[in-house]
Engineer: 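Sending over a structure as structure tokens; questions will come in a sec.
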2 protein chains.
Amino acid sequence: MDLNALRVFERVAATGSFTAAAQHFHRAVSSVSRQIRGLEESVGQPLLYRHTRAVTLTEAGWRYYEEVRDILERLDMATEALNQPHAEPSGVLRINAPVAFGQRQIVPLLHRFQCRFPSIKAELQLNDRVVDPVREGHDITFRVGNLSDSSLVARQLAPMNYVVAASPGYLARHGTPETPEALSEHDCLIYQGELGRQRWYFQRGDAAKEAAYELDGSLASNDAESLLRAALLGQGLVMFPTWLIAEELSKGALVALLETWRGEVMPGRRELYVLTPERRLRALKVRAFMDYLFETVSPTPPWDRWQEELQS
Amino acid sequence: MDLNALRVFERVAATGSFTAAAQHFHRAVSSVSRQIRGLEESVGQPLLYRHTRAVTLTEAGWRYYEEVRDILERLDMATEALNQPHAEPSGVLRINAPVAFGQRQIVPLLHRFQCRFPSIKAELQLNDRVVDPVREGHDITFRVGNLSDSSLVARQLAPMNYVVAASPGYLARHGTPETPEALSEHDCLIYQGELGRQRWYFQRGDAAKEAAYELDGSLASNDAESLLRAALLGQGLVMFPTWLIAEELSKGALVALLETWRGEVMPGRRELYVLTPERRLRALKVRAFMDYLFETVSPTPPWDRWQEELQS
DNA sequence: AATATTTATTGCGTAAAACGCAACACAATG
DNA sequence: CATTGTGTTGCGTTTTACGCAATAAATATT
């Protein structure tokens with residue numbers, strides 16, 4: 001019996017897939033297959049049922065998995081606890097985030113973090129579908145809006161702020177809308193995803209409820225990046241989260257509009273969350289990254305600092 | 001990090017010796033040395049101080065050892081728990097016993113046990129000095145008399161019965177002593193170990209206390225086997241535990257004497273104990289052997305059945 | 001119903017790791 | 001001071017793990 005085989009088994013059990021476990025450990029699937037086969041021989045019975053496109057745990061496998069998961073965790077913590085107080089974080093940090101947020105905010109953040117701690121390596125997985133962080137083996141997951149996995153430790157990172165914006169060229173040609181009502185006279189570039197066309201909502205400071213505006217324009221798309229490019233070319237107005245267009249706002253490539261109102265793309269407010277599996281919260285690399293992250297967004301996230309920069 | 005290295009580390013920590021761990025795992029000392037070095041590199045600091053003729057744990061090593069010991073135990077138990085109800089005991093059973101008892105009683109018992117369970121392998125270590133079963137890595141330890149290790153689970157196996165015996169030839173030439181007092185007219189072969197010459201003690205059924213007899217004969221030795229051989233040759237009388245001479249009594253090569261009295265070689269009574277480390281009590285191989293052992297000695301140990309055999 | 005695709009298994013050759021032998025270093029023991 | 005026991009390290013050999021490629025099996029797609 002081999003510790004490596006146990007780790008492979010844990011990952012196979014968590015994901016239901018030899019392929020996923022192979023990817024996780026950067027190994028060939030055949031290597032995973034042999035590790036599992038060897039483990040089953042050493043414990044004397046099958047731990048997994050093999051199906052066509054997945055594997056599932058046998059009854060014994062399930063019981064063994066629960067034990068092995070805890071044992072591996074405990075071993076890692078015992079090893080971690082040996083680190084001297086000044087030990088530098090090291091190892092592979094696995095991060096998951098929505099695509100656009102990851103590209104624009106996590107990549108530079110992570111870059112600075114890794115400059116500071118050169119022993120850290122990272123695996124950044126970006127996707128917009130809801131993934132299971134435990135199953136995927138992520139150390140840290142960024143999530144927008146609703147949470148649904150109670151085995152994760154969720155911490156609120158920052159509020160999601162939306163802003164309407166247009167290029168200076170567009171505004172020079174078409175004027176600057178001063179109220180949400182004025183938007184109907186403008187070319188609004190609308191996001192149209194699986195849930196249909198987004199409405200824009202506005203709420204003034206003291207109003208009890210945001211008002212919905214069903215707007216239109218020359219372009220609708222399910223690709224935010226395309227809408228952004230069109231806006232930069234002066235085609236129309238967009239409403240996006242500040243973390244998406246903070247750089248363009250800072251550079252003046254886009255101009256924030258209707259700042260007296262708070263904009264949303266659906267009713268209610270949402271927050272940015274960061275999630276970690278409960279057990280891994282104390283790994284040094286995870287703690288270090290979380291500390292760094294929360295230092296970075298305090299008191300104001302970098303993607304919300306463009307307002308301050310424009311004022312100075 | 002490797003499971004094998006962790007097991008090696010546990011054994012080194014328990015014994016304080018690379019050499020002992022190497023022997024335990026049937027490996028070269030250099031292999032143990034490298035395993036430990038590799039483990040220290042992977043946890044990032046030394047776990048052992050190297051001295052000239054032993055190693056000791058560092059502070060971190062001690063803390064790690066306590067964790068690793070429990071983790072390995074838990075893993076073994078999780079693996080053990082997977083066994084199906086009808087699984088046959090297998091693996092290496094490590095037994096320690098006093099030399100003579102081991103040779104005469106454990107070897108045949110173990111032989112029958114292994115015939116019944118062919119997947120069992122055994123390592124039988126015999127010595128008369130007091131050893132530390134945890135440190136030595138024994139699964140089962142036989143012990144006579146006093147117990148002093150509270151981390152072991154001790155079960156009483158059987159009372160120690162002593163008997164005076166002589167060969168038929170000796171008795172034909174010198175007559176049969178009918179009382180302890182008559183022994184002074186006989187050639188008593190006395191055990192003389194590190195504690196000096198043994199006195200023989202006798203207690204009649206209803207007497208409150210055993211009486212001591214300081215006897216003499218033509219031979220005194222620290223080697224019980226030699227005294228026994230001399231007795232078989234008709235040289236004199238011996239007093240030995242029944243488990244030592246049960247076979248000779250059964251065959252009539254020696255004749256039990258003074259059976260109305262209970263003989264001892266020191267004041268008070270002693271028991272035979274069998275000890276197992278607390279954690280290993282539930283390993284299938286250990287349980288199976290213990291069950292077999294206690295079945296064998298119930299209601300009467302085989303070394304005390306010669307009385308019944310002579311009567312039938 | 002046929003075809004394409006995905007996942008896991010296994011033969012085989014290669015690479016990497018573990019091993020043991022032997023020489024050596026060091027300090028305790030007699 | 002010589003001997004002895006324990007641990008370290010260089011080096012060659014043995015063993016294990018790996019990846020590639022072919023294959024099997026069943027699901028998804030057309």
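Just so we're clear, the structure is a prediction, and the values are computed from it rather than from any experiment. Chain identifiers are assigned alphabetically (A, B, ...) following the order of the sequence lines, protein sequences preceding nucleic acid strands; residue numbering begins at 1 within each chain.
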Engineer: What string of B, S and - do you get for nucleotides 3-11 of chain D, 5' to 3', when a contact is any protein heavy atom under 4.0 Å?
Structural biologist: -BBBSBBBB
Engineer: Any chance NE2 of H51(A) has more than 12 other-residue heavy atoms, nucleotides or ligands included, within less than 6.0 Å?
Structural biologist: yes
Engineer: For the pair made of NE2 in H26(A) and P in dG19(D), what is the distance, rounded to whole Å?
Structural biologist: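 That distance rounds to 11 Å.
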Engineer: Can you tell me if the side-chain N/O atoms of Q35(A) get under 4.0 Å from OP1 or OP2 in dC18(D)?
Structural biologist: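 Checking dC18(D) against Q35(A), a side-chain N or O does come within under 4.0 Å of OP1 or OP2.
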Engineer: Report yes if the side chains of I36(B) and R50(B) come closer than 4.5 Å at any heavy-atom pair, otherwise no.
Structural biologist: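 With C-beta onward as the side chain, the pair touches.
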Engineer: Whole angstrom is fine here: how far is it from CZ in R7(B) over to P in dA18(C)?
Structural biologist: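 Distance check: R7(B) CZ to dA18(C) P gives 16 Å.
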Engineer: Could you tell me how the ring of F117(A) sits relative to the ring of F113(A): parallel (under 30°), tilted (30 to 60°) or perpendicular (over 60°)?
Structural biologist: perpendicular
Engineer: Measure from CG on N4(A) to P on dA18(C) and round the result to the nearest Å.
Structural biologist: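 Going from N4(A) (CG) to dA18(C) (P), I get 11 Å.
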Engineer: Could you give all pairs that pass the salt bridge (charged side-chain N to carboxylate O under 4.0 Å, His left out) test and reach residues 89-102 of chain B, with sequence neighbours left out?
Structural biologist: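 The answer is R94(B)-E123(B).
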Engineer: Is it true that the NZ or CZ of R11(B) lies under 6.0 Å from the centre of F9(B)'s six-membered ring and within 45 degrees of the ring axis?
Structural biologist: no
Engineer: According to the interplanar angle, ranging from 0 to 90°, do the rings of F289(B) and F142(B) count as parallel (below 30°), tilted (30 to 60°) or perpendicular (above 60°)?
Structural biologist: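 Perpendicular, since the angle between the ring planes exceeds 60°.
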Engineer: Could you give the CG-to-C1' distance, from D2(B) to dA17(D), as a whole number of Å?
Structural biologist: 12 Å
Engineer: To the nearest angstrom, how far is F25(A) atom CZ from dC18(D) atom P?
Structural biologist: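 From F25(A) CZ to dC18(D) P: 11 Å.
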Engineer: What is the distance from CG of L3(A) to P of dT16(D), rounded to the nearest Å?
Structural biologist: 18 Å
